[in-house]
Amino acid sequence: MPPYYLTTPIYYVNDAPHVGTAYTTVNADALARWHRLVGDEVWFMTGTDEHGAKIVEAAEANGTTPQDWTDRTSARFVEAWRRLDIAYDDFIRTTEPRHYAVVQRFLQRIYDNGYIELAPYSGLYCVSCEDYYTEDQLIEGTCPVHGRPVIEMQEDNYFFKLSAFEDRLLEFYDQHPDFVRPVSKRNEALGFIRGGLRDVSITRTSFTWGVPVPWDSGHVFYVWYDALINYLTVAGYGSDDAAFASRWGAAHHLIGKDILKFHCVWWPAMCMAAQIDPPDEIFVHGYLLMGGQKLGKTMIAAGAAGGDGAKALRVTDVSPLALADDFGVDPLRYHLVRDVPLGGDGDFSYEGIVSRYNADLANNLGNLVSRVTTVVQSKCGGVGPACDEGSELAAVAAETLETTAAAWARWAPHEGLEATWRLIGAANARLEAAEPWKMEPGPAVDAVLGDALEVLRIVAVLIGPAMPATAREVWRRIGVPGDPGSARLPDAAAWGGYEGGATVEKGAPLFPRRKA
RNA sequence: GGGGCUGUAGCUCAGUGGUCAGAGCAGAGGACUCAUAAUCCUUGGGUCGUGGGUUCGAUCCCCACCAGCCCUACCA
């Protein structure tokens with residue numbers, strides 16, 4: 001079993017999970033499940049990023065300590081991912097002792113290698129960004145990101161000598177053409193590197209909520225600088241050499257485009273400085289856009305505050321948990337995986353979810369389950385007949401498996417699902433042509449319905465990564481024992497798996513059609 | 001200022017230096033009634049953003065322009 005180590009970004013615990021973070025996490029979970037399905041030895045992690053001045057501020061504003069505040073906010077992510085059926089193997093919090101140990105070990109190594117040095121730094125500082133700005137970067141004297149006033153600050157900071165890695169990074173990119181995908185994002189990273197790299201200030205002395213710098217007790221590491229290292233903590237850096245050797249040789253980061261620079265520029269340079277390999281691959285996805293606007297914390301906050309009445313009120317729908325309550329967990333997951341190609345930006349709208357839900361889930365998959373189980377009741381006494389080994393659908397199923405698998409393998413789960421749905425369409429067409437509901441019970445009816453049941457069995461396997469609960473329910477209704485999540489390709493999708501003789505249940509519609 | 005991306009049927013998007021530019025959804029017509037007013041069949045003539053250029057020939061190559069988005073040192 002080839003190892004496959006998949007990571008999401010760790011989420012900053014300043015606010016609740018929103019649809020954007022759910023988008024990343026659900027897609028990562030679906031990809032992890034897909035890799036398990038094809039037999040990879042998957043290690044899938046997510047977590048929360050909990051240091052920095054903003055956390056200290058938020059804790060104070062809420063009348064509590066940073067530790068208490070991060071305990072509470074991190075728990076909201078755990079809960080959200082539980083609700084959304086995220087099957088991670090590890091959830092890391094950057095405030096955990098295991099992470100402190102790895103950060104200190106890793107950065108001590110870089111320090112010992114001579115890539116970190118002390119330098120005085122003074123300038124205009126934004127507390128929210130935790131960063132300095134030059135005069136001309138400011139907008140009317142305020143931070144260009146947050147619009148907040150900056151303050152005059154001076155401190156001795158340790159700097160990571162990022163500038164020393166310009167050539168080595170370019171060389172690495174040259175030798176690893178698939179390091180960053182898609183290509184458009186790789187170009188962006190290359191452009192950034194070619195534009196010249198500045199050394200990065202990586203420590204702070206103005207507060208203590210961070211990982212202490214091991215060689216200088218007055219400093220803590222800057223939050224981003226400790227955050228990236230979480231991937232190593234989970235992989236077992238310095239604590240489990242066997243796990244680390246396996247996982248770090250197969251590390252795949254899924255990230256949003258906003259943090260491209262840290263992952264595609266800083267991170268490989270940090271790895272080089274510490275004499276380990278950079279990760280295998282970084283896949284950069286786009287944003288969900290809503291009415292052309294970035295859908296994020298800021299927008300949610302603005303909406304909650306009032307603003308433009310009708311639109312602002314829809315903000316509650318934008319909570320992934322609210323959407324899950326409304327549509328169901330699997331339909332939400334399906335929408336997040338199916339409707340937006342990973343890599344580009346995508347539109348996110350209530351109408352879009354409803355439209356996709358009705359077309360794919362209610363009319364096609366759900367309705368197919370209903371009609372097949374109904375006819376099995378009336379023509380086969382509720383017992384599912386075996387499929388026909390020589391069915392014309394066997395070839396369609398084989399082609400579907402091939403196309404679906406190829407798509408998932410290249411980070412195109414939306415195309416994978418699209419391909420899977422063609423098999424559902426073929427089954428519907430086949431029923432229409434054969435009209436088993438008009439036939440007398442017998443071998444001919446059995447063959448047609450057995451084939452339809454076999455399609456449902458295979459479809460359940462293939463949709464499992466995106467909709468695990470639905471996959472289980474389909475198997476249960478058609479009488480297939482076990483959990484499709486434990487199935488392994490390609491065997492599980494080979495034609496002929498539906499043996500017949502099982503009790504088929506006609507239940508309520510899987511996905512009741514929604515009114516637009 | 002610099003860099004990157006996008007602009008293709010009502011909507012969301014595929015796509016290729018050359019026979020009629022494609023899919024899904026929506027819409028239209030028909031069939032059917034097992035099924036969740038579902039399904040199946042038929043139906044898409046859209047200046048492939050605008051103007052040039054290269055070429056025997058471009059939607060796809062080059063240039064300019066227009067429109068929109070993003071990055072330019074810390075919100076997935």
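Proteins get letters first, then strands, A, B, ... in listed order; numbering begins at 1 in each. Keep in mind that this is a model prediction, so the values were computed, not measured.
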Can you check the distance between B:U39 and B:G52, where both ends of the measurement are the P atom (answer in whole Å)? 46 Å

Separation of B:A23 atom P from A:H414 atom NE2, nearest Å, is 17 Å

If the plane angle is over 60° it's perpendicular, under 30° parallel, otherwise tilted; pick one for A:F77 and A:Y11. parallel

Hey, does A:S370 reach any base, or is it just sugar-phosphate, or nothing, if we go heavy atoms under 4.0 Å? base

Can you tell me the distance, in whole Å, between the CG atom of A:N428 and the C1' atom of B:U36? 12 Å

B:U47 and B:G7: how far apart are their C1' atoms, nearest whole angstrom? 15 Å

Reading RNA chain B 5' to 3', how would its secondary structure be written in dot-bracket notation, given Watson-Crick and G-U pairs with both distances under 3.5 Å, brackets [ ] for crossing pairs and | for partners on other strands? (((((((..((((....[...)))).(((((.......))))).....(((((..]....))))))))))))....

Just how far, in rounded Å, is P of B:C75 from NE2 of A:H285? 14 Å

Please give the distance between the P atoms of B:G27 and B:G49 as a whole number of Å. 27 Å

Give one of base, sugar-phosphate or nothing for A:P512, where a contact means two heavy atoms less than 4.0 Å apart. base

Students often get this wrong, so: under 4.0 angstrom with heavy atoms, is A:K438 touching a base, only sugar-phosphate, or nothing? sugar-phosphate

So A:W267 and A:H253, would you call those rings parallel, tilted or perpendicular, with 30° and 60° as cut-offs? tilted

B:U8 and B:G68, which share atom name P, separated by this distance in whole Å: 15 Å

With a 4.5 Å cut-off on side-chain heavy atoms, are A:L453 and A:V372 touching? yes

Distance between the C1' atoms of B:C61 and B:C20, in whole angstroms? 24 Å

Heavy atoms under 4.0 Å, any strand shown: does A:W266 hit a base, just sugar-phosphate, or nothing? base

In whole Å, what separates the P atom of B:G44 from that of B:G29? 15 Å

Rounded to the Å, how far apart are A:L361 CG and B:U39 C1'? 16 Å

In whole Å, what is the span from the CZ atom of A:R371 to the P atom of B:A35? 10 Å

I need the CZ-P distance between A:R338 and B:A23, as an integer number of Å. 15 Å

For A:A429, answer base if it contacts any base atom (sugar-phosphate contacts may also be present), sugar-phosphate if it contacts only those atoms, and nothing otherwise; contact means non-hydrogen atoms under 4.0 Å. sugar-phosphate

Could you check A:L197 against A:A359 and say which one's nearest nucleotide on RNA chain B is further toward the 5' end? A:A359

Rounded to the Å, how far apart are A:Y334 OH and B:U12 C1'? 13 Å

Look at all strands and tell whether A:G343 reaches a base, only sugar-phosphate, or nothing, counting heavy atoms closer than 4.0 Å. nothing

Remember a base hit wins even if backbone is also touched, and classify A:L368 as base, sugar-phosphate or nothing at under 4.0 Å, heavy atoms. nothing

Where each residue is assigned the nucleotide of RNA chain B containing its nearest heavy atom, which of A:D360 and A:I10 is assigned the position nearer the 5′ end? A:D360

Would you indicate, yes or no, if B:U39 has its OP1 or OP2 atom less than 4.0 angstrom from a side-chain nitrogen or oxygen of A:N363? yes

When you compare the protein's N or O atoms with those of nucleotides 27-29 of chain B, which come within less than 3.5 Å of each other, and at what distance?
none

